[in-house]
Amino acid sequence: MGFDLHRLEPGYPLIIGGINIPHERGCEAHSDGDVLLHCVVDALLGALGLPDIGQIFPDSDPKWKGAPSSVFIKEAVRLMHEAGYDIGNLDATLILQRPKLSPHKEVIRDNLCQLLGADPSVINLKAKTHEKVDSLGENRSIAAHTVVLLMKK
């Protein structure tokens, strides 16, 4: 299982699943702040029994400053294949009040499938609001939860 949360601030791009989503706020982060890809990386690393994303790609290391999260995904997928696994199923939920993700969900899912080398039939992507409650519901943050099942090759 993976989880990630980022503050939304003006002046940053909002990148979700490797896709730039038009919005007046984006994720404040050391890398590109892609909450979905960070969450997926943590789920993959956890399923493999490895350290979390912050230990493998520490935000104290300047080489990750502004890095695209696709770099992190590619490394997690490499580690997964090296250990002899493929994705059996991945279920991800994004939580944000705005923007509405319905117009972007398919392109985000398609890009996630491509980055993971996974068939679309095993990737499920959902988006929920937080009913205007707390920082998520007040459009001050964005979160993601991911559960992944790995299958031995």
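The two residues G17 and N111 come nearest to each other via the heavy atoms O-ND2, 2.8 Å. Scanning both residues, I53 and L45, for their nearest heavy atoms gives N-CD1, 3.7 Å. The heavy-atom pair separating D61 from H30 by the smallest distance is O-NE2, 3.1 Å. Residues A143 and L136 share a closest heavy-atom pair of N-CD2, 3.5 Å. Scanning both residues, K152 and A83, for their nearest heavy atoms gives NZ-O, 3.1 Å. In plain terms, the two heavy atoms of A43 and G2 that are nearest each other are CB-N, 3.6 Å.
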Item to complete: Apply the test side-chain contact (heavy atoms from CB on, under 4.5 Å) to residues L14 and R25: give CA-CA distance (whole Å), side-chain angles for both, the deciding distance (0.1 Å), then the verdict.
Response: CA-CA 7 Å; L14 180 59; R25 295 171 176 241; over 6 Å; no
Discussion item. side-chain contact (heavy atoms from CB on, under 4.5 Å), that's the test. Do M80 and I87 meet it? Break it down for me.
Written reply: CA-CA 9 Å; M80 176 184 71; I87 292 175; 3.7 Å; yes
Fill in: Audit row: L150, D86, side-chain contact (heavy atoms from CB on, under 4.5 Å) steps and yes/no
CA-CA 6 Å; L150 298 183; D86 281 322; over 6 Å; no
Practice prompt. For L5 and I95, run side-chain contact (heavy atoms from CB on, under 4.5 Å): C-alpha distance rounded to whole Å, both residues' side-chain angles, the deciding distance at 0.1 Å, then the answer.
Written response: CA-CA 9 Å; L5 174 100; I95 306 167; over 6 Å; no
Practice prompt. Apply the test salt bridge (charged side-chain N to carboxylate O under 4.0 Å, His left out) to residues E28 and R7: give CA-CA distance (whole Å), side-chain angles for both, the deciding distance (0.1 Å), then the verdict.
Written response: CA-CA 6 Å; E28 181 180 12; R7 264 191 321 273; 2.9 Å; yes
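A side-chain N or O of S31 and one of H38 form a donor-acceptor pair less than 3.5 Å apart.
Using a 4.0 Å cut-off between charged nitrogen and carboxylate oxygen, D91 and K126 count as a salt-bridge pair. Here E24 pairs with R98 in a salt bridge; the nearest charged N to carboxylate O distance falls below 4.0 Å.
The side-chain heavy atoms of Q97 and E138, taken from C-beta on, include no pair separated by under 4.5 Å. Contact annotation: the side chain of L101 approaches that of L96 to within less than 4.5 Å [non-hydrogen atoms, C-beta and beyond]. Side chains of L125 and L36 form a contact here, defined as non-hydrogen atoms less than 4.5 Å apart.
To the nearest 0.5 Å, atom OH of residue Y12 and atom CG of residue D32 are 12.5 Å apart. To the nearest 0.5 Å, atoms NZ (K128) and OG1 (T93) are separated by 6.5 Å.
Among the candidates V122, V147, N124, V40, the single residue satisfying the side chain to side chain contact (heavy atoms under 4.5 Å, CB included) test with L90 is V40.
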